[in-house]
Amino acid sequence: MVIENNKLADIYDLAKQRDPHKPEFHQALSELLISLQPVIEKNPELCTRDILERLIEPERLIQFRVAWRDRNCETRVNRGYRVQFNSAIGPYKGGLRFHPSVNSSVIKFLGFEQTFKNSLTGLPLGSAKGGSDFSPRGKTDDEIMSFCQSFMSELFRHIGASTDIPAGDIGVGNREIGYLYGEYCRLMNISEGTMTGKGVFAGGSMMRTEATGYGLCYFAEEMLTRLRNTSLKDKKVVVSGSGNVAIYAIEKAQEFGAKVLTASDSGGYIIDEEGIDLPLLKQIKEKERLRIKEYVVRKPSAVYYEGCEGIWSVPCDVVMPCATQNEINKQDMEILLRNGAIALLEGSNMSCTYDAVKMISQEDILYVPSKAANAGGVAVSGLEMSQNAGHIFWSRDRVDKMLQDIMRNIFDNCMKASEEYGHAGNLLMGANIAGYIKVAKAMKWQGVI
Ligand code: NDP
Ligand code: 2IT
């Protein structure tokens, strides 16, 4: 996997020159460019320097100070970001991440990836991402509220229901969205759904909480049925993370009849050979906000391992990383392949390192990049926007059916693109190409802006 084409290599070099200290962004860009080699041959008009050079440059990047008071009335200062990446196909849309590892490279790679993910949903959604190096872990509710209000006291001037619609991501769940959205409504004297992931009692959509994890499993089920004549039933699944995406991936995988063996947080991972006890996991993580090692205190038949490294050596059929970027490296991938995993779907954004992705060949494992596999979350965010704009509320069944249709369409479109461009069945190529072409066409059509 190297960028052979000179024009594409030039774009990569340009991005590195402009942003020498953004490794995650370089990684996301190189994975996209490699997939564009067949596009440049077949449709050179969609891969011109004019389009690519604009595509890699965010339309707007906002960085701001977030000052707030902790429980001891000490002033704390964090850094806030919003990157409004691309609006060629719709208003800026993407989540907010609160985690100490957030920096401009992480935000930029996430915003870039969101461009193609949002395109794949088939909905009119542009791309954005944002967040802060603030860590919600160990903070009181009052501290979280104070931080969120301060964060929004700058962000509010840059967002709007038809301009930019933030949502959640790592460290930003229903609680944080509530504080952020409450402050937005107060400052703007307006309540028109400028954020998604809202409580269902306050303009939110049914199924938004479950959407990313469920969507991941809908994609898995469709892919296993169509490409391997099998299903999730009776499969052993390894899931990492124990947050929003992981919990609802576990729930739907279990509904499909799979046995999920693991869950983790940044401290370590658990193996439960009987299959994860989901009510217990929800109690510990969603209600009590405790660490994952608490699981083995309450279910002594499970085992806890300190550190996350070993989780990929648990033998399984299906792999669903749902924690963070680059959580699977080359050595992990070697072990997964050696242990005979048949499918890997990225629940977290860019779960695999570049070297790990390079190792995969289609025969080994069905690999689905995050921009396709985890698009269910932003897709239901899009449905939340539609409901807010129409002042209506759809039933759970209706939203669920739409989510299933969207995930099936994404699978179909990735397959179609992979066939059309000479890499039949390669879902990495298919996702990148299908996601890219729509944005490139829109940018070309709108002229140089
Ligand atoms: P949550 O904050 O709900 O959960 C994140 C989980 O991952 C926690 O268990 C956390 O453990 C763990 N984690 C975070 N950082 C690390 C790390 N550096 N090393 C090991 N474990 C870590 O976030 P989400 O579930 O919402 O997000 C998970 C992934 O899914 C992210 O990549 C996100 O971008 C992606 N995603 C989320 C969507 C959504 O709708 N929420 C939509 C599409 C993608 P700990 O508590 O110890 O930090
Ligand atoms: O990475 C993602 O797609 C998200 N965090 C969800 C974004 C959204 O706007 O719902």
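One is the number of the first residue; the rest follow in order along the sequence. None of the values given here were measured: they were computed from a predicted structure. Remember, it's 1-based here, ligands and their atoms both numbered in the order they're listed.
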Give a yes/no on ligand 1: does Glu327 have at least one heavy atom closer than 4.0 angstrom to it? no
Got the closest protein heavy atom to atom 17 (C) of ligand 1, with its distance? Thr324 CG2, 3.4 Å
Could a heavy atom of His99 be found less than 4.0 Å from some atom of ligand 1? yes
Could you list the atoms of ligand 1 found under 4.0 angstrom from a heavy atom of Asp169? 26 (O), 33 (C), 34 (O), 36 (N), 37 (C)
For Gly168 and ligand 2, does the shortest N/O to N/O distance drop below 3.5 Å? yes
List ligand 1 atoms under 4.0 Å from Arg97, heavy atoms only on the residue side. 31 (C), 32 (O), 33 (C), 34 (O)
Counting only heavy atoms from other residues, nucleotides and ligands, does the tally under 6.0 Å from NZ of Lys293 exceed 12? no
Give the residue and atom name of whichever protein heavy atom lies nearest to atom 25 (O) of ligand 1, and the separation in Å to one decimal. Val245 N, 2.9 Å
Could you tell me whether Asn349 approaches ligand 2 through its side chain, its backbone, both or neither, with non-hydrogen atoms closer than 4.0 Å? side chain
If you round to the nearest 0.5 Å, how far is CZ of Phe156 from CE of Met188? 7.0 Å
Under 4.0 Å from ligand 2, counting heavy atoms only, is it the side chain of Met195, its backbone, both or neither? neither
Keeping the roles fixed (side chain from Ser87, backbone from Gly126), state whether a donor-acceptor pair exists under 3.5 Å. no
Ser348 neighbourhood, listing ligand 1 atoms whose heavy-atom distance to it stays under 4.0 Å: 29 (C), 30 (O), 32 (O), 35 (C)
Who's the nearest protein heavy-atom neighbour of atom 29 (C) of ligand 1, and how far? Ala323 O, 3.4 Å
Donor-acceptor contact below 3.5 Å, side chain Asp265 vs main chain Ile292: yes
List the closest protein heavy-atom neighbour of atom 9 (O) of ligand 1: residue, atom name, distance to the nearest 0.1 Å. Ser242 N, 3.0 Å
Gly171 neighbourhood, listing ligand 1 atoms whose heavy-atom distance to it stays under 4.0 Å: 2 (O)
Mind checking whether Ser240 has a heavy atom under 4.0 Å from ligand 1? no
Would you mind listing which atoms of ligand 1 come within a distance below 4.0 Å of any non-hydrogen atom of Ser264? 9 (O)
Just which atoms of ligand 2 are under 4.0 Å from any heavy atom in Lys117? 1 (O), 2 (C), 3 (O)
